[in-house]
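What follows is a short report on a single structure.
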Amino acid sequence: MKSALAVYRLALVAYPRRFRQMWSDDMVEAMAHRLQQASHRRGTFGVVASLTRALFDTLSTALMTRFSRINSPRKSPQLPRQQDRVPMLHRLAWNLRQAFRSLAHEPAVAALIIGTLALGSGGTIAFFGIADAALVRPLPYPEPERLVTLSQFSERFGRYGWAAPFVPEIREQARSYDELVGYSPAWTLTMTDPGEPRAIPAAFVTSGLLELFGAQLITGRAFSSDEYLEGGPAVAVVSASFWSRHFGEAETLGGQTLLLDGTSYEIIGVVDDLRMPFTTSAVSAGAESVGVWIPVSQNSFLGSRGRPIMRVVGRLADGVTVSAAENELAAISARLAEEHPDAGLAADNAVASLADRVSAASLPILSLLLGASALLLCIACANVANLLLARASARAAEMSIRASLGATRLRLVEQLLTESMVLAGLGCGLGLAISVWLLRAVPALGFLNLPESAVVQFDIRVVGFAVMLSMGTALVFGLVPALQLAGRGNTIAPSSGTRATDARATRLRGSLVMAEVALAVILLVGAGLLTRSFARLSSVDPGFTAADVVAAPLTLGNERWPTSDDRRSFHQQLQLNLTEIPGIRSVASVNRVPLGGGNVFVVVEFESGTKTGDEIATLDRRVVTPNYFSTLGIPIGSGRDFDVDDSSAAGEPVAILNEAAVAMLAQSDPIGQRARLQFNNGFGDWMRVVGVAGDIHHHGLDEAARPEIYVPFDQSPVRGMTILMRTDRSPESTSDAFKAAVWQLDDELALDGIAPLEQLVHNSVSDPRVRMMVMQSFAALALLLAGIGVGGVVSYTVARRSREYGVRMALGAEPSEVLRLALRNGLVPSAIGALLGVGLALGLSRWVESLLFATSPTDPITYVAVTATLLGLVALASWIPARRATRVDPVSILRDE
Amino acid sequence: MLDVDDHLPLTTVAFEILLAVGERETTGYEVMLAIEARTAGRLNPNPGTLYRAIDRLVGDGLIEVTPTAGGGTKPRRRLSISELGRAVLAAESDRLAAQIDAARSLGASGSTR
């Protein structure tokens, strides 16, 4: 009760200051008395009801007190007879007051309506805010409409970028751009100074990038042109939040350095946080944004013309169209391909608006969610319209009296619409509060594929949308009942409704039920399809056994482990140390862990050729240690596994292919055939294929296995490997033992991201899982609202027609007959609505097609199951009130007649 | 100052407040209790409605306020009826009585059912 009183005291702020100073203490005392009485009589419910009434009363009288000071100092507000001369403001105030009063009469109905609208509008407002940030708003860079991306395109890899050395060459030859830059954003470097070793995200960039994206220098300077040259000084620019995280409040640069992957970079400048235009994946959602920028010349990996992984962004020159730029790029690319035949430049190129490309990843899911929440809001509106229609019948007498006292039809509609506006305003206001929470919580879930550059926040645009939405919903759900009510105003007697208008209202309510059920079917079908798709997805066999395996990525630093031999000996020693730990049954390593989100591909030449007639094909390259296949339970179909003797020093180099790779080859038996990899400086040594491994889903459970070539670690001792341990111990104790074993060998290694392999499998389907769950919640709410709506209609008709039922039973009708009659009002429109909904859902289903896995958007089982569920629920919701029809006592009904 | 007739008709709540205040000097809280008791709970205005009506009656000069008085932990404003208030109350009572007489003479009184 104390809190109820506190809420009331807070609401008193609505009054003018003079009024508050004069009366607020007395009013609180009076309210305390009120609440005590209410609590005494009806407990907590009484307190809530009493408080609700008092709050409505407070709002309406506060409005009147404020407005009456402007308009009329004396007369109490009455419906002015000559309405046209009444000042607008006064009329509004009068209407508002009436609205609050009439709502206060029925706090339960008002609360139901407001709650329904809040549920419906909260999601719509939140997803509008997210879609606005991700899809509508201009990118947060200077002249965003002129920014374009340049990419290459091939059948095999889809769309991809350019190798770094090409970027300055394209810029030099092209006339279409004011500026052209390249960047490689997704690097994770190990920082060993300052602080503990840890992984940080960094981007390698060409000259002009910071300027193109409008990064504001806070202190220091941007890169100079010689810092972009090969062999230039190791320098870095960092973001303000990175600076404050690692260097605290220090305001001057003072030659601070970062030790990244063993290289010391001098920090030459600090810029305002810059959000790069690329999409974060689900795995990295919630991770740090890129906070370190380094000239691309510092990264020798990117220096190769065979690594087309730089994203290229240009600012179009004045008057240049996208298609003109694309034609020019085609010409330049053809020239470059002639000059560098080994670089494997694609024949197809594309120039596209950066904004479109950035939003493309989140477009399907955001449209789905925005559409779903809008549908839910429509269902909520239909429900509210139904409730208002029911109320309208009860208020027919009031309207008749008003009309006979001289109120015009317009006047009545105006007043009823004001009531709807107040309801919508309160409902959407509450929805806005829900959306504040959703706007924070939903993007953090990461399943929306939001671009880094999208800043989702609660701002004036969101509030503006909420206001418009509340006006719109008020019209949608308020107009029909208002016209209905006002229309009968002049024609009927105050005491009762006529059968004609009743029939019309019943028909109207039937159509609303129909609409509601149809919309609910659409949502249910969407949720059903995603659920089935997810079930299929999670039952996919990944091709390896993830249970009891712990994955631990580590990257050996340049300084401590400079040569291949160093790295070989590190891994040999680590392998020995780990196998000695009790409980660890088997240890192996791989350069890219399955479903871990990384990939390395390579051009391979097969001596005996491929099916296409070419000798060359592109395969995913995996570097593994001998026990890899047995540790992960990947079957070796024919030939043999690697063994410890398969090193570059001893004998012929070897390789293993997966089944998908074998399927590409001209000859069906690959064992004994030779293949070699293409490197920057030409082809490597021939390798003998010694085995065929089973296919695994490396890129995702929903992606078919790609051709892979496995080579032994001893042949290519790369820096970054993930250690896989099959263990009987818990993941935590394995992780601890692993760290101890690693730090024995090198105490400067960053050991982040140690996780059970099952976790990676689980994470790899987290997007579809969350999508499914969100759609399921929408569908559940839709079911609930549809149930309430249909049940309400039946309950209302039963109440209105109890006299008829009584007469029928008196004349000998069976209770089952009467029950059927009562049920008909809910079931007939529901069944028609369900059919309509199935039709609409079929029409709309292609919208979800891109989000489905191995499930047809017209999957008949889903449609049938969904319709059956909905109709079952609707039947139940109708049956409960319909039973009352059979309990009508004919005698008492006839006596009343 | 406005004429007595300019204040007519009174709202039901205003009429009840003047009745309560006319009896004796009192507080707003006591007015609420008095209305509740007199109408046996049939009229039970929310604090907002009640105090807005009191505020208007004060503004129109029908009620006078004595800033602080009485014991308790908090000072309460005491309300008393003004000369004008008494006149308006009487005029409104006459007006209502005339209406009721008219209704009775047409047989529309509640007691005939």
Side-chain angles (χ1 to χ4, degrees), chain A residues 4-5 8-9 11-38 41 46 49-69 72-78 93 97 100-101 103-105 107, chain B residues 1-15 17-18 20-21 26-37 41 44-70 72-79 84 88 92:
Chain A
L5 209 56
Y8 184 73
R9 192 185 283 276
L12 294 184
V13 179
Y15 290 103
R17 178 197 292 266
R18 177 199 62 79
F19 187 94
R20 271 201 320 268
Q21 278 170 350
M22 191 98 167
W23 306 115
S24 68
D25 284 343
D26 291 49
M27 290 173 80
V28 170
E29 192 185 9
M31 191 62 207
H33 169 75
R34 257 307 159 70
L35 289 173
Q36 213 148 30
Q37 273 184 332
R41 257 185 259 142
S50 174
L51 178 68
T52 314
R53 266 197 301 271
L55 289 179
F56 276 120
D57 175 67
T58 302
L59 282 176
S60 71
T61 51
L63 268 172
M64 286 315 298
T65 312
R66 282 179 185 276
F67 280 119
S68 65
R69 283 195 310 167
S72 127
R74 216 202 62 72
K75 272 283 175 190
S76 64
Q78 289 183 3
R97 182 181 184 192
F100 277 112
R101 271 193 166 172
L103 298 182
H105 277 309
Chain B
M1 175 87 27
L2 291 152
D3 201 40
V4 169
D5 284 349
D6 287 336
H7 295 281
L8 300 185
L10 288 173
T11 64
T12 319
V13 172
F15 184 72
I17 293 170
L18 284 184
V21 178
T26 179
T27 65
Y29 178 60
E30 285 165 353
V31 169
M32 185 176 81
L33 296 183
I35 295 176
E36 259 179 48
N44 199 0
N46 275 301
T49 304
L50 179 75
Y51 279 91
R52 185 176 130 71
I54 294 179
D55 192 55
R56 292 193 78 95
L57 293 172
V58 171
D60 291 350
L62 306 192
I63 289 181
E64 281 161 3
V65 183
T66 323
T68 56
T73 50
K74 276 185 186 159
R76 285 179 186 162
R77 291 169 199 282
R78 297 199 73 81
L79 312 172
L84 176 65
V88 171
E92 177 71 358

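What's counted below: heavy atoms across the whole structure, side chains too, no hydrogens, waters or symmetry copies. In the text below, chain A, chain B and the rest are named by the order of the sequence lines, each starting its count at 1. Remember, predicted model here, so these are calculated numbers, not experimental data.
- With rounding to the nearest 0.5 Å, the separation of CZ in B:Arg52 from CE in A:Met27 is 11.0 Å.
- Interatomic distance, B:Arg56 CZ to A:Thr61 OG1, rounded to the nearest 0.5 Å: 11.5 Å.
- Counting only heavy atoms from C-beta outward, the side chains of A:Met22 and B:Val65 approach each other to under 4.5 Å.
- The minimum heavy-atom distance linking A:Arg53 with B:Asn46 is given by the pair O-ND2, 4.0 Å.
- With a 4.5 angstrom heavy-atom cutoff, B:Leu33 touches chain A only via side-chain atoms.
- The two atoms that bring A:Gln21 and B:Arg77 nearest to each other are O-NH2, 3.3 Å, heavy atoms only.
- Looking only at side-chain heavy atoms (C-beta outward), B:Glu36 and A:Arg34 come within less than 4.5 Å of each other.
- Remark: A:Ala32 pairs with A:Leu5 by the side chain to side chain contact (heavy atoms under 4.5 Å, CB included) rule, at least two apart or across chains.
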May I have the step-by-step check of salt bridge (Lys or Arg N to Asp or Glu O under 4.0 Å) for B:Asp55 and A:Arg18, ending in yes or no? CA-CA 10 Å; B:Asp55 192 55; A:Arg18 177 199 62 79; 2.9 Å; yes

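- By the side-chain hydrogen bond (donor to acceptor under 3.5 Å, both in side chains) test, A:Ser24 pairs with no residue at all, sequence neighbours left out.
- Nearest heavy atoms, A:Met31 versus B:Pro47: SD-CG, 3.9 Å.
- Ring geometry for A:Trp23 versus B:Tyr51: interplanar angle of 30 to 60°, hence tilted.
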